[in-house]
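Read the structure below first, then the notes.
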Amino acid sequence: MDSAESRPSRGNPAVECQNAHQEGNIANVLATLESLQRDFERHAISDQTSGGAQIDGEAAGKAPKEKKKRNRVKPKAKPKRYADISEISLPDNVAPLESNSRNVRNHGSHAQTPLKEENITILQLLSMDPDEREKYLMRLALERNLLSMTGEGSNMTLRINPLIYRFLNNFQLLDVGVNLHKIRENFSRRVNKSVQQQPDMSPQQSSQQSEKKEKKARKPAIELSEIEEAYVKLLERKPEGSEDEVSGVLKAFAEKLVAEKRAVMADGEIRVSAVNYHNAYMANPSGGRDIIFRQYALRRHAFPGDQVLALVFKMKVEKQDSKADATLGDNDLDEATDDDDEDKKSTDSAARAEEAPIIEEREVGVVIEILEKRHNRLIVGTFDRPSLVTKLLTPRDNRLPRVKITNDGVIRGLAANGKMMKKLIFLARITHSRSSEVCGQLLKVVGQIGELESENRAILLANDLNPEPYPEAILAELPRFDVQPSDFQGREDLRSSTCIFTIDPPTARDLDDAMSCVRIDDNTFEVGVHIADVAHYIPENSPLDMILRKKTTSIYLVNTVYHMLPLPMCLNCSLLPGKDRLAFSVFWRMDSSGKILDERITKSIINSCTQLAYDHAQLVIDGPREKLAPDMFPAVENEHFKLEDVLESVQNLYQLSRRLREKRFADGAVKMDQPKIGFTLDAKTGDPVKYHREVIRESNQLIEEFMLLANMTVARWIHEKFPLTAVLRCHNEPDKHQFEKLTNELRNAGVAFDLSSTTGISASLEKAIAERKDKEAAKVVLTCMLTKPMMRARYFCSGMTESEDEFRHYFLSIPIYTHFTSPIRRYPDVLVHRLLAATVAGAATPQLSCEELHGITNTCNAQKYSAKLASTDSTNLYFFKYLESLNRVIDMRAAVYKLGLSFVEVILIDTNHHVKVTFGGGKASFVGDSKQTIEIVKKGKHDITSKLTLSVFSECKIAVTARKGKLNGKLIWL
């Protein structure tokens with residue numbers, strides 16, 4: 001006997017489906033529907049009656065004629081599967097979907113109905129019971145656009161697709177068993193559950209989901225204050241007019257409360273938690289604790305970085321409602337640290353639920369107006385559950401909300417293959433928002449999830465970076481880079497008088513800094529820092545300059561570099577050995593103790609002797625000199641100098657850098673190095689085949705000390721000459737409330753810490769690490785904890801500040817600072833070079849005003865931070881890809897960061913990744929009241945019990961795996 005899949009149905013399909021369901025197996029229903037679908041696609045629908053259009057007897061519940069004969073015919077190729085019902089061809093006298101015409105009476109002969117028979121079957125089944133089939137088919141009908149929902153909340157209504165309804169009505173087919181009233185009745189009772197629940201869920205899964213929903217329902221939502229409730233009601237009743245009209249209504253509301261002295265107005269930048277986009281905060285203008293926004297809707301869907309006007313008032317809230325300011329979460333201290341991981345909460349959830357809520361008074365806000373939309377409203381994300389009903393795009397950035405996609409035609413086309421849709425990364429743009437949702441339109445498919453090239457594109461888009469190549473017109477206008485006779489005017493020629501060389505990573509190509517050290521006498525040296533004079537080739541306000549103001553920085557991903565400058569300019573400005581180059585040179589005359597006796601700055605022409613890597617310089621530092629052979633170093637390419645000159649200069653520079661470093665930390669500077677990793681990539685595929693931890697050694701610190709000194713020196717010079725338009729870089733003091741919280745955390749962990757000054761922080765950090773058994777683990781955890789409250793370093797224009805106190809760089813513990821040493825990869829350095837040229841070489845004074853520089857530095861800050869995030873994302877991508885390629889667990893060292901009874905949060909010592917670690921079958925309990933130590937007990941074979949004690953700052957070993965871009969860890973029992 002033929003199988004159901006190879007022959008047409010012989011009875012009423014609705015009855016067959018009902019019988020299948022009554023047998024208790026939903027799979028039978030699905031199999032029957034698949035059989036019907038194949039049969040319907042095999043045979044075209046035609047109407048050849050004189051009285052009007054009819055569908056085949058099967059759809060009407062009648063046995064078709066000459067069934068056997070038709071069954072012997074070899075099936076034809078399947079017709080097109082329509083992604084959009086509007087694509088189906090209509091009879092000449094039938095109006096399209098957009099039309100309201102109902103004059104469809106003359107059906108015409110051989111007119112093809114746009115309604116497939118399986119769709120009528122679905123409508124018949126929707127008119128019947130029982131529940132399981134109804135839930136499934138309701139969702140199926142919505143996904144196929146047979147039914148549509150309009151309105152929101154309690155006003156939501158169901159209607160049949162107008163095109164389908166016209167055919168049912170005009171062709172008099174409503175008697176085939178489609179009961180529209182019954183469908184609507186079922187909808188009001190079931191549709192919400194139908195949309196949310198998976199159709200193929202087993203009874204056990206269904207029960208588990210119901211249990212979860214019940215628990216979730218028992219969990220109370222945050223209780224809105226009177227002001228918040230009034231605000232939400234205004235938004236729900238907002239006029240159909242422009243955003244300005246909505247802002248006008250809200251301003252009137254705010255002014256009334258301000259007049260009643262129940263609230264105040266404040267403006268600032270919205271910052272959003274990286275853990276939950278509902279939680280947001282804004283710096284308090286009064287200097288108090290951050291203003292919190294407790295729900296996404298309470299900030300008018302403001303995005304991270306947006307400048308807003310807020311109504312601020314005090315109210316009592318539960319402490320968990322004010323998590324928004326648990327961490328600033330966006331540190332970019334640059335010269336101090338690069339950590340910006342969000343504070344992750346790993347305390348056991350069950351234990352938290354038993355704790356009594358802590359009530360505190362906080363300043364709470366609602367957004368009245370978005371003053372400046374700094375976020376570009378582009379979303380990179382995926383469809384976790386592709387559906388015609390939900391259409392929700394889940395962003396890669398946890399700070400952003402899910403977006404309801406509104407271009408239905410595209411969605412219908414993609415939803416035809418849900419499995420494929422779940423594998424793709426999409427780019428969407430936010431178009432508008434309502435009180436309860438954010439809407440947008442898909443722009444393009446970025447690529448496939450997990451594919452490195454696609455993921456790298458997604459990283460750039462998600463971080464609002466657009467490394468487009470330079471237009472041919474710009475490249476054609478680049479100047480000559482070879483040194484011309486006219487270039488010697490006003491420059492000091494150092495090519496034959498000074499032994500100059502570079503020290504960089506081995507793979508470096510942008511060589512914008514070089515060093516020199518000339519011994520004057522037994523106790524005096526002239527040290528020089530030489531920086532590529534990039535600004536010489538970039539006239540202010542030129543077409544190239546205008547592009548650079550948007551790019552502002554080079555972007556470093558694992559597999560490539562997107563240069564800020566045109567590539568020919570990068571190559572021809574880099575201080576390559578044996579090449580004449582234009583430079584800016586900063587000289588200090590200092591004694592052997594590192595005390596600066598004199599300083600000068602000049603434009604220069606240099607010719608670097610050689611290109612050393614950090615490893616080469618470290619060989620010289622480690623010595624002794626007698627064991628250093630010439631073949632251990634790259635060739636010297638300046639005929640005026642020998643390798644011995646280079647080696648002596650490196651050794652002298654190292655000794656001087658040690659003195660400078662000691663003095664800098666004695667003056668209060670703080671340094672918290674965090675682990676960074678690099679990769680070895682397969683030459684053909686580009687896949688990571690190995691990773692390594694980048695080690696900071698004395699050769700790295702040598703260069704760091706003199707670059708910091710050059711930046712400090714130049715900052716003083718340009719500010720003295722241009723007090724209102726100097727481009728500087730500051731680092732503000734940490735938030736005092738966050739420091740108070742950190743003090744308590746450290747005290748609970750048994751660590752005495754002086755956070756009153758940077759000197760105290762450095763001394764306390766050194767002492768705490770020395771007292772710990774697992775010193776490397778303690779350093780990793782303490783560094784992470786200390787960087788949490790820190791503010792982000794930023795560029796600014798000196799004329800936009802109220803006093804010079806705002807110039808201070810907190811972590812470096814210095815009064816003034818700028819960036820001068822990397823003009824090939826940073827635009828602020830180009831601005832500084834122009835100011836310096838006007839200061840020391842009589843060049844024209846830059847024409848940019850204080851206000852213009854303020855806007856440019858804001859762009860530089862945003863782009864620098866975005867580029868840093870992209871670099872971190874790229875590192876994570878390749879690290880996860882490497883782990884996934886192993887197809888096994890990998891053992892790694894970890895430092896215990898936070899403790900819980902279900903898992904602990906650790907930091908991988910070699911890579912700085914945060915991982916939640918389970919106990920591998922063990923059960924944990926806290927030891928003592930401080931909750932800083934847990935004891936884990938595990939029963940093994942033959943009832944042998946193993947015990948393991950973990951404390952904050954202790955080291956442990958874990959088995960790490962990566963799956964779907966997430967790290968998972970399991971404790972290794974030693």
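The first residue in the sequence is number 1, and the count goes up from there. Treat the numbers as computed from the prediction; the structure is a model and nothing was measured.
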Could you tell me which residues satisfy salt bridge (Lys or Arg N to Asp or Glu O under 4.0 Å) with [X], sequence neighbours excluded, listed by chain and number?
{"X": "Asp306", "result": "Arg377"}
{"X": "Lys251", "result": "Glu369"}
{"X": "Arg834", "result": "Asp545"}
{"X": "Glu540", "result": "none"}

How are the rings of Phe796 and Phe807 set relative to one another: parallel (under 30°), tilted (30 to 60°) or perpendicular (over 60°)?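 Because their plane-to-plane angle lies in the 30° to 60° range, the rings of Phe796 and Phe807 count as tilted.
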One pair to check against salt bridge (charged side-chain N to carboxylate O under 4.0 Å, His left out): Lys603 and Glu492. What are the steps and the verdict? CA-CA 6 Å; Lys603 282 197 165 190; Glu492 190 170 332; over 6 Å; no
Could you check whether atom CD of Glu477 has more than 12 heavy atoms from other residues, nucleotides or ligands sitting under 6.0 Å from it?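 Counting other residues, nucleotides and ligands, CD of Glu477 stays at 12 neighbours or fewer.
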Is it true that atom CD of Glu472 has more than 12 heavy atoms of other residues, nucleotides or ligands lying nearer than 6.0 Å?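 No, the 6.0 Å shell around CD holds no more than 12 heavy atoms from other groups.
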Using 0.5 Å steps for rounding, measure from the CE atom of Met265 to the CG atom of Leu309.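 Going from the CE atom of Met265 to the CG atom of Leu309 covers 3.5 Å.
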Straight-line distance of Leu836 CG to Leu831 CG, nearest 0.5 Å: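 Answer for the CG-CG pair, Leu836 versus Leu831, is 12.5 Å.
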Does the gap between the ring centers of Tyr281 and Phe293 come in under 6.0 Å?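 Here the rings of Phe293 and Tyr281 have centres that are no less than 6.0 Å from each other.
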Please check if the distance between the ring centroids of Tyr795 and His819 is under 6.0 Å.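 Judged by ring-centre distance (under 6.0 Å), Tyr795 and His819 do meet the cut-off.
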Is a side-chain donor-acceptor pair under 3.5 Å present for [Y] with [X]?
{"X": "His530", "Y": "Ser585", "value": "yes"}
{"X": "Arg581", "Y": "Ser574", "value": "no"}
{"X": "Asn463", "Y": "Asp873", "value": "yes"}
{"X": "Asn572", "Y": "Arg480", "value": "no"}

Cationic tip of Lys551 within the cone over Tyr562's six-membered ring, i.e. under 6.0 Å and within 45° of the normal?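 Because its charged atom misses either the 6.0 Å distance or the 45° angle limit, Lys551 does not stack over Tyr562.
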Measuring only between side-chain heavy atoms, which start at C-beta, is Leu311 closer than 4.5 Å to Val258?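 Side chain of Leu311 against side chain of Val258, heavy atoms only: contact under 4.5 Å found.
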Any Leu460 side-chain heavy atom under 4.5 Å of Pro467 side chain: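 Yes, at least one pair of side-chain atoms sits under 4.5 Å.
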Suppose we screen for side chain to side chain contact (heavy atoms under 4.5 Å, CB included). Which residues come up paired with [X], at least two apart in sequence or across chains?
{"X": "Leu571", "answer": "Leu567"}
{"X": "Tyr277", "answer": "Val272, Tyr296, Pro401"}
{"X": "Ser286", "answer": "Asn284, Glu363"}
{"X": "Pro539", "answer": "Ser542"}

Can you tell me if [X] uses its side chain to pair, donor with acceptor, with the backbone of [Y] under 3.5 Å?
{"X": "Arg491", "Y": "Ser604", "result": "yes"}
{"X": "Thr818", "Y": "Arg729", "result": "no"}
{"X": "His809", "Y": "Leu812", "result": "yes"}
{"X": "Thr801", "Y": "Glu806", "result": "no"}
{"X": "Thr553", "Y": "Gln863", "result": "no"}
{"X": "Arg362", "Y": "Asp290", "result": "yes"}
{"X": "Thr552", "Y": "Pro828", "result": "no"}
{"X": "Glu852", "Y": "Ser849", "result": "yes"}
{"X": "Arg299", "Y": "Ala302", "result": "yes"}
{"X": "His731", "Y": "Arg808", "result": "no"}

Begin with the C-alpha distance, continue with both residues' side-chain angles, and end with the deciding distance and a verdict on salt bridge (charged side-chain N to carboxylate O under 4.0 Å, His left out) for Asp667 and Arg664. CA-CA 5 Å; Asp667 290 342; Arg664 193 163 60 84; over 6 Å; no
Closest heavy-atom contact between [X] and [Y]?
{"X": "Ala715", "Y": "Tyr817", "value": "CB-C, 3.6 Å"}
{"X": "Ile824", "Y": "Ala532", "value": "CD1-CB, 4.5 Å"}
{"X": "Pro395", "Y": "Ile379", "value": "CB-CG2, 3.6 Å"}

Tell me, with the steps shown, if Lys671 and Glu704 meet salt bridge (charged side-chain N to carboxylate O under 4.0 Å, His left out). CA-CA 12 Å; Lys671 182 66 175 177; Glu704 179 187 32; 3.0 Å; yes
Determine which pairs satisfy salt bridge (Lys or Arg N to Asp or Glu O under 4.0 Å) with at least one residue from residues 710-727, sequence neighbours left out, and list them in order.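 Listed by first then second residue: Glu599-Arg716.
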Using the salt bridge (Lys or Arg N to Asp or Glu O under 4.0 Å) rule, collect all pairs that involve residues 456-471, keeping only residues at least two apart or in two chains.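 Listed by first then second residue: Glu453-Arg457.
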Using the test ring pair (Phe, Tyr, Trp, His ring centres under 6.0 Å), find all partners of His375 that sit at least two apart in sequence or belong to another chain.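 Counting only residues at least two positions away or on another chain, His375 forms a ring pair (Phe, Tyr, Trp, His ring centres under 6.0 Å) with Phe303.
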Can you pull out every ring-ring contact (aromatic ring centres under 6.0 Å, His included) where at least one residue sits in residues 821-861? Sequence neighbours excluded, please.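 Qualifying pairs, neighbours excluded: Phe584-His833, Phe820-His833.
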